[in-house]
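Heads up: the structure comes next, in structure tokens.
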Amino acid sequence: MKNKLITNVIRLKKVDSTNSYAKRIISEKTIKEGTVIISDFQSSGRGQSKSKWESKSGENLIFSIILKPGFLAPEKQFILNELIALSLIDYLSELIPEQRVQIKWPNDIYVENNKIAGILIESIIKGVEIEYSTVGIGMNINQITFSDNIPNPISLKALTNREFDIDECLNNLCNKLSERYNQLKKEDFLKINSDYINSLYRFNTIAEYIISNTILKARIIGISEYGKLILLTENQKEIECDLKELEFII
Ligand code: BTN
């Protein structure tokens with residue numbers, strides 16, 4: 001694979017979770033930045049907030065990439081979420097330019113009101129440094145039918161009526177990732193933040209949310225330094241929420 005970021009690709013037929021596999025190899029020996037673990041199937045694919053990630057065997061892109069962003073202060077790690085989400089946006093908006101591809105905070109990738117991809121980043125912090133970040137990406141590619149417990153899924157095939165080559169998707173997505181990672185190394189934080197806000201689903205739009213068990217109308221007005229979502233409620237009250245405190249009503 002020709003890519004400046006990818007140094008090694010571990011291909012598996014089946015695994016519990018590519019993120020868990022990555023964390024196991026990290027605990028055993030020193031792993032090179034840019035190691036990718038890709039699998040046809042995960043028996044215990046994991047999502048954010050202890051959710052599951054389900055994917056039919058061989059039909060989708062499920063992989064993890066190991067990064068060593070030692071140059072990034074641990075308190076700034078939300079920028080890594082932003083950057084990975086943006087690389088998915090870069091990739092998808094080139095592939096399906098007629099569709100509106102956006103980031104549903106913090107890092108779900110949506111096409112209109114449907115989820116096409118999810119990201120799970122798990123970092124190991126040693127002292128004041130991020131030693132490793134395992135970036136797990138699940139993108140629905142050729143799967144057409146989904147189980148009922150997956151909320152509003154969509155795939156590239158469902159959107160375009162054509163079949164995609166998974167390896168080609170991996171390669172092209174990793175090229176976008178590599179470009180964005182260089183932007184991070186150059187500490188181009190302002191540009192990354194503004195690109196993230198420009199791609200944010202429902203930014204500056206009044207919509208309904210469940211916040212602390214109450215349905216509220218509010219609009220997203222920004223992201224805090226630590227990655228919390230900042231909303232302005234109907235009665236002009238500014239609130240900051242983390243993932244546990246807020247649910248989008250879609
Ligand atoms: C989410 O939407 O909640 C995040 C989903 C992340 C899924 C990917 S698939 C590859 C990697 N391995 C996992 O177990 N999870 C991530």
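Values below: every heavy atom of this structure, side chains too, minus hydrogens, waters and symmetry copies. Counting starts at 1 for both ligands and their atoms, following the listed order.
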Hey, can you pull the donor-acceptor pairs under 3.5 Å for the side chains in residues 242-250, sequence neighbours left out?
from   : atom 1 : to     : atom 2 : distance (Å)
Asp242 : OD1    : Lys244 : N      : 3.0
Asp242 : OD1    : Glu245 : N      : 3.2
Glu245 : OE1    : Asp242 : N      : 2.7

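Residues Tyr226 and Glu240 bring no donor and acceptor atom of their side chains to less than 3.5 Å of each other. With no hydrogens or angles considered, no side-chain donor-acceptor pair links Tyr91 and Asn175 at under 3.5 Å.
Within the 4.5 Å cutoff, the side chain of Thr35 has heavy atoms near those of the Thr7 side chain.
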Need the list: ligand 1 N/O atoms against protein N/O atoms, distance under 3.5 Å, rounded to one decimal.
from     : atom 1 : to     : atom 2 : distance (Å)
ligand 1 : 2 (O)  : Lys115 : NZ     : 2.6
ligand 1 : 3 (O)  : Gln48  : N      : 2.7
ligand 1 : 12 (N) : Thr18  : OG1    : 3.1
ligand 1 : 12 (N) : Gln42  : OE1    : 2.8
ligand 1 : 14 (O) : Ser17  : OG     : 2.8
ligand 1 : 14 (O) : Gln42  : OE1    : 3.4
ligand 1 : 14 (O) : Arg46  : N      : 2.7
ligand 1 : 15 (N) : Arg46  : O      : 2.7

| said: Between Trp105 and Tyr196, is the side-chain contact (heavy atoms from CB on, under 4.5 Å) condition met? List the steps. | reply: CA-CA 10 Å; Trp105 175 87; Tyr196 182 85; 3.5 Å; yes

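Under a 4.0 Å N-O distance rule, the pair Lys157/Glu59 does not qualify as a salt bridge.
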